[in-house]
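Since the structure comes first, as structure tokens, the remarks are kept for the end.
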Amino acid sequence: MDTYMTIDAYGDNSNAVGQAEKRVSELEKLFSVTDEHSEIYALNHGYSGELSRETIDLIRFALEMSEKTDGALDPTIYPVLVQWGFTTGEYRIPEPDILFELLKNTGRDKVHQSGDKITLEKGAMLDLGAVAKGYASEECAEIMHENGIKSALINLGGNIRVVGNRPDGSPWKIGIANPLNVDEYAGILSLSDNAAVTSGNYQRFFIEDDIEYGHIINPEIGIPVDNDLLSVTVIAKDGTLCDALSTALFVMGAEKAEGFWRGSRDFEAVFIAKDKTIRVTSGIIDNFKLDENSGFTLKEIKP
Ligand code: AMP
Ligand code: MG
């Protein structure tokens, strides 16, 4: 999944971590957009036959979240990402008319489901990159449970999933990166049996003419998100939901994202904004400790 994975697990079953590693490799083989043997690759290249249960379920989940977030999460944005060079690292700013043409083939309405079959309209492609790591971290947590591990920390490229508490019984402490200085933390979250997933354009970007272009795209215009947010961290029981929402809320911008939280309330969030505020939803604020030297001010988002 083009990232690092670490698992700290405490208990007697030394097999658990190896099983989790194996599981993540299996998932990568299903969901990769670049591996010619993956199911997603096959779909993107004309295949319309049977898919594994897991691939179908994750595609369905992504489409459902696309609908719920009013298209902010768009699992069909891949052809646009390719144009920007985010898939190869050969970055470039695409011509507006190229983007305009590509955007005609994006959107969840270009994906058709019938029974266990998924078909894509001509020119459309699927990319589960915004949800796959969250799903994989959730699968790792499941493997920990199956193996009787009661204390673990799974970190899949910043997608955090904690199982239970630390071995000493205290909550896990998770640092949230300062997007303006990624070697430092803006604050610390205390978590037990929860997932926390961060999205932000500081994670992968290129600079041209002093402008930063990041890897999360505003699907309406096909251009990297540039709004009032620096990062969004979503906290909930389910890591897959966290992953989908952190990407989508980052696309929405602060006001819309806060409204979305008020409308659903099945997750909590930490928004780091360009105006140097860190806005934390009321359900998690007691578990968040601001780094006093970060230069940010803490604000509570109330229902
Ligand atoms: P994440 O790191 O989970 O926020 O996901 C970002 C990744 O999802 C990017 O690297 C792209 O592969 C893909 N992506 C970019 N923009 C979007 C979007 N608006 N909706 C869905 N996936 C996206
Ligand atoms: Mg995501």
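Just follow the structure's listing: the first ligand is 1, and inside any ligand the first atom is 1. Numbers here are sequence positions counted from 1.
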- Query: Have S199 and S246 got a donor and an acceptor in their side chains that come within less than 3.5 Å?
  - Reply: yes
- Message: Is it the case that the side chains of Y91 and E208 hold a donor-acceptor pair, with the cut-off being a distance below 3.5 Å and no angle test?
- Response: no
- Task: Only pairs at least two apart or in different chains count here, so list each salt bridge (Lys or Arg N to Asp or Glu O under 4.0 Å) that has a residue in residues 212-230.
- Result: D226-K274
Under 4.0 Å from a heavy atom of [X]: which atoms of ligand 1 are those, numbered in the order shown and with their elements?
X: T247; answer: 1 (P), 3 (O), 4 (O), 5 (O)
X: D74; answer: 18 (C), 20 (N), 21 (C), 22 (N)
X: P219; answer: 19 (N)
X: A130; answer: 3 (O), 5 (O), 8 (O), 21 (C), 22 (N)
X: D243; answer: 3 (O)
X: S199; answer: 1 (P), 3 (O), 4 (O)

- Between the candidates H215, Q203, R204, E220, which shows the shortest non-hydrogen contact distance to atom 10 (O) of ligand 1? H215
Which residue holds the protein heavy atom closest to [atom], what is that atom called, and what is the gap in Å?
atom: atom 19 (N) of ligand 1; value: I217 O, 2.9 Å
atom: atom 23 (C) of ligand 1; value: I77 CG2, 3.8 Å
atom: atom 11 (C) of ligand 1; value: L81 CD1, 3.3 Å

- Message: Check contact between S246 and ligand 1, using heavy atoms of the residue and a distance below 4.0 angstrom.
- Response: no
- Query: Does A72 come within less than 4.0 angstrom of ligand 1, counting non-hydrogen atoms of the residue?
  - Reply: yes
- Task: Inspect the contact between E26 and K29 and indicate whether a charged nitrogen and a carboxylate oxygen are less than 4.0 angstrom apart.
- Result: no
- Item | Short N-O contact, R53 and D116, less than 4.0 angstrom | yes
- Note on the structure: Near the Mg ion (ligand 2), protein N/O/S count under 2.8 Å comes to 4
Heavy-atom distance under 4.5 Å between the side chains of [X] and [Y], does that happen here?
X: K150; Y: V163; value: no
X: I59; Y: P75; value: no
X: R166; Y: P171; value: no
X: Q203; Y: T198; value: yes

- Using a 4.5 Å side-chain heavy-atom cut-off and chaining through intermediate ILVMFWY residues, the residues clustered with I176 come out as Y10, L153, I160, V162, W172, I174, L180, L189, L191, L230, I235, V270, I272, I278, V280, I284, I285, F288, L290, F296, L298
- Item | Members besides I207 in its Ile/Leu/Val/Met/Phe/Trp/Tyr cluster (side-chain heavy atoms under 4.5 Å) | F205
- Item | Part of D127 with heavy atoms under 4.0 Å of ligand 1, whether side chain, backbone, both or neither | side chain
- Message: Would you say CD of E101 has more than 12 non-hydrogen atoms from neighbouring residues, nucleotides or ligands within 6.0 angstrom?
- Response: yes
